[in-house]
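Everything on this sheet refers to the single structure shown next.
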Amino acid sequence: MSAPQLNPPQRAAIHYLDGPLLVLAGAGSGKTRVITHKIAHLIREGGISARNIAAITFTNKAAREMMERVGKLLTPGELRGLTVSTFHSLGMQMLRLEAPHLGYKPQFSILDAFDAGKIIADTLGTTARDEIRKVQSRISLWKNDFKSPQQTLTEADNDWDHVCARTYLAYQDTLTAYQAMDFDDLIRLPVELFRREPEVLERWQNRLRYLLIDEYQDTNTCQYQLVKMLTGVRGMFTAVGDDDQSIYAWRGANMDNLRLLQEDFPRLNIIKLEQNYRSTVRILRAANAVISNNPKLFEKQLWSELGLGEPIHAVQCKDDEHEAEVVVQRLLAHKFEHRTAFKDYAILYRGNYQSRIFEQALRNQKIPYQMAGGQSFFDKPEIKDVLAYLRLLANPNDDPAFIRAVTTPKRGVGAGTLEKLGAWAGERKKSLFAAAHEEGFRMQVQAAQLEPLGQFCDFLSALQARAPREPAGELVEELLKAIGFEAWLYDSEDSPRIAETKWKNVQELVAWLARKAEADGKNLLELTQTIALITMLEGREEGEVDAVKMSTLHASKGLEYPHVFLVGCEEGILPHSESVDNGMVEEERRLMYVGITRAQRSLTLSYCVKRKRAGEWQFVEPSRFLDEIGGEDIRHFGRPGAEPIVSKSEGKSRLANLSAMLGEKGKARAAGLSDPD
DNA sequence: GAGCCGGTCATTTTT
DNA sequence: TGACCGGCTC
């Protein structure tokens with residue numbers, strides 16, 4: 001099922017230990033394999049101990065998978081101390097240890113994008129989401145360029161930059177006051193620390209003697225600096241990447257880092273992996289055709305031995321509802337015909353908002369599905385409610401957490417009291433939690449309002465004192481009981497079914513916390529500090545469930561599926577209109593490339609003639625990328641002069657439907673073509 | 001201080 | 001079409 005042996009370039013990449021190495025790994029060329037085997041090689045043959053090796057990925061999921069796969073190559077003893085984590089977790093680990101050097105306490109909070117956005121909204125005095133997002137991303141890009149607020153303020157030469165710079169200044173002050181960091185700080189601050197304190201840097205250089213960086217094309221300036229500083233003059237690292245799959249420029253990813261690597265490390269060795277073990281020739285040819293319209297940094301020609309395969313289908317639909325229906329019908333017909341399983345299919349789309357209509361269509365047909373990415377478990381309101389309490393326990397300076405916790409469930413502390421508290425605390429530069437205890441403030445407020453506030457604070461203080469010693473799960477259970485969370489959910493929700501789901505989510509969180517605390521040997525406070533970085537629920541056996549996978553194109557990177565539906569292939573969506581306006585079509589093309597190369601055996605591209613947007617019907621054009629695929633590899637359906645949409649599948653669809661509902665006992669054959677990458 | 005209703009607005013991608 | 005915010009009333 002997996003590529004039986006390592007091919008020569010893969011082997012070369014694994015064995016090369018003489019200096020810095022860049023592996024240009026095309027889609028499906030087995031890059032994860034190279035990284036995992038290289039880790040094993042470093043430990044077994046390279047004489048480097050696991051605790052001196054760090055493999056860096058971009059998602060927690062990728063990190064987890066990588067750890068799992070290394071675990072199959074080595075004994076637990078050999079693995080001990082190995083670091084496999086995201087840039088952000090690595091940065092956090094460093095900062096927890098070095099926080100005092102930077103004027104932070106080790107128990108600082110980490111704000112996710114949502115909480116950070118709220119602070120920006122407050123300082124900006126607006127609720128316009130679009131504006132907030134733009135300012136937020138501007139600030140983020142600045143931070144990733146090591147620009148201080150003062151610097152941006154001086155350099156601002158237009159009104160917009162000026163507004164952003166002033167917001168940046170206030171925002172950063174607020175973060176400091178809360179003892180909080182955002183995602184960018186987790187990378188930026190270690191670098192700044194290393195610049196200031198050479199002996200701290202040296203310590204970390206000695207600790208992490210060999211680095212492996214996955215998805216190198218997605219590193220931003222900060223991340224590259226971090227790598228550069230950590231590897232130092234030794235330059236002992238392997239960076240693995242693919243310039244054609246760089247899809248995070250909007251987040252600060254800097255493709256130039258690939259070129260910089262050559263410049264900064266003249267000894268850099270480059271190895272290309274060009275054999276694809278994933279897709280059929282036709283799929284690969286289509287992908288190559290699309291991407292060939294982009295300028296090339298490194299010449300690279302992907303090839304496959306997996307046979308010609310079926311032509312790619314392009315299906316024109318009447319509107320978005322019709323598209324969902326067509327995709328589901330085709331999926332069922334295909335499944336029936338090829339005796340596959342639901343888990344062999346994926347529906348990929350450009351924006352999360354597109355998922356809804358497909359979910360609906362799948363539900364209508366009782367087809368099980370599983371969404372990757374999208375709204376994370378930890379973003380659900382009921383989960384954020386509980387987490388607010390935990391965050392507050394871990395860091396009493398976390399004012400946003402204080403406000404959320406003290407008002408959820410409602411306990412008689414209202415806007416009036418909070419405003420007074422905020423004003424009093426603000427003047428004295430104290431946290432809300434600290435201020436609530438102080439006599440000066442308490443004298444200003446009537447006893448009736450003070451009482452619930454005081455109880456709240458005392459309750460939390462007591463819990464906090466116990467947290468280091470007592471089991472995390474039990475403590476949270478007790479907390480929930482004390483605040484009457486379950487009852488509150490049922491009271492405030494008009495549908496008991498929704499309340500039930502929410503309560504189940506909360507229970508899932510508690511169970512997860514208990515398990516995780518046990519496994520990692522962490523107490524509740526320590527565990528809480530890592531949660532902001534976790535985006536997907538860990539430990540879910542995703543591959544095991546027989547369900548259609550749904551994912552954004554971005555979240556699908558690194559994954560593969562036997563049969564892929566890439567939907568919404570329209571001008572305005574893919575490429576996205578904003579990107580077209582900003583001259584970012586090349587990145588959209590790479591996104592298309594990523595989408596196409598997820599498919600192992602069959603690929604269907606769908607698009608609509610018209611689509612409802614903001615309540616209005618709008619006519620749309622098929623994506624330009626469709627035209628870039630060679631005529632002999634694509635078959636059109638549903639457009640004038642082409643084959644009808646459902647052709648032969650229509651007659652079978654009812655049957656397919658039926659068999660789907662019966663659960664199809666027959667051995668569903670997964671199309672395990674190759675090693676997942 | 002808390003819940004309800006109506007008007008307004010918008011849809012990229014994520015650690 | 002739907003989500004979310006803010007102002008209104010109890």
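As a basis for the values below, the full set of heavy atoms in this structure was taken, side chains included, without hydrogen atoms, waters or symmetry mates.
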Any A:Asn352 side-chain nitrogen or oxygen under 4.0 Å from OP1 or OP2 of B:dT12: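 So the side-chain polar atoms of A:Asn352 never come under 4.0 Å of the phosphate oxygens OP1 or OP2 of B:dT12.
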Distance below 4.0 Å between A:Ser579 side-chain N/O and B:dT13 OP1 or OP2: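 Checking B:dT13 against A:Ser579, no side-chain N or O comes under 4.0 Å of OP1 or OP2.
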Donor-acceptor pair present, A:Arg613 side chain and B:dT11 base, under 3.5 Å: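 No pair found.
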Partner of A:Val567 by side-chain contact (heavy atoms from CB on, under 4.5 Å), out of A:Leu348, A:Thr604, A:Ile357, A:Val327: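 Only match with A:Val567 under side-chain contact (heavy atoms from CB on, under 4.5 Å): A:Val327.
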Nearest heavy-atom neighbours spanning A:Ala54 and A:Leu208: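 For A:Ala54 versus A:Leu208, the nearest heavy atoms are CB-CD2, 3.9 Å.
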Min side-chain heavy-atom separation A:Phe485-A:Trp503 under 4.5 Å: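 The answer is yes; the side chains approach within 4.5 Å.
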What is the distance, rounded to the nearest whole Å, between atom [atom1] of [X] and atom [atom2] of [N]?
| X | N | atom1 | atom2 | result |
| --- | --- | --- | --- | --- |
| A:Trp617 | C:dT1 | CH2 | P | 9 Å |
| A:Asp319 | C:dT1 | CG | P | 13 Å |
| A:Leu90 | B:dT15 | CG | P | 17 Å |
| A:Tyr593 | B:dT13 | OH | P | 23 Å |
| A:Glu215 | B:dT15 | CD | P | 12 Å |
| A:Asp184 | B:dT14 | CG | P | 16 Å |
| A:Asn144 | B:dT15 | CG | C1' | 11 Å |
| A:His88 | B:dT14 | NE2 | C1' | 9 Å |

Give one of base, sugar-phosphate or nothing for [X], where a contact means two heavy atoms less than 4.0 Å apart.
| X | value |
| --- | --- |
| A:Asp130 | sugar-phosphate |
| A:Arg133 | sugar-phosphate |
| A:Tyr353 | base |

Sole residue of A:Thr221, A:Asp184, A:Asp185, A:Asn220 in side-chain hydrogen bond (donor to acceptor under 3.5 Å, both in side chains) with A:Lys143: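 For A:Lys143, the side-chain hydrogen bond (donor to acceptor under 3.5 Å, both in side chains) test succeeds with only one of A:Thr221, A:Asp184, A:Asp185, A:Asn220, which is A:Asp185.
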Is it true that the side chains of [X] and [Y] contain a donor and an acceptor less than 3.5 Å apart?
| X | Y | answer |
| --- | --- | --- |
| A:Asp182 | A:Tyr171 | yes |
| A:Gln223 | A:Gln225 | no |
| A:Asn395 | A:Gln179 | no |

Among C:dT1, B:dT14, B:dT11, the one nearest A:His576 by side-chain distance: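 For the A:His576 side chain, the nearest candidate turns out to be B:dT11.
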Protein proximity profile, nucleotides 3-10 of chain C - base contact B, sugar-phosphate-only contact S, no contact -, cut-off 4.0 Å on heavy atoms: SS-S----
Over-ring placement of A:Arg391 relative to A:Phe402, 6.0 Å and 45° cut-offs: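 Not flagged: A:Arg391 not positioned over aromatic ring of A:Phe402.
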Separation between the C1' atoms of B:dT11 and C:dG6, rounded to whole Å: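 After rounding to an integer number of Å, I get 22 Å for this pair.
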Integer angstrom distance from the P of C:dC4 to that of B:dT13: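 That atom pair is separated by 14 Å.
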Aromatic ring of A:Trp250 stacked on base six-ring of B:dT13, 5.5 Å, 30°: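 Ring-base stacking flag set for A:Trp250 and B:dT13.
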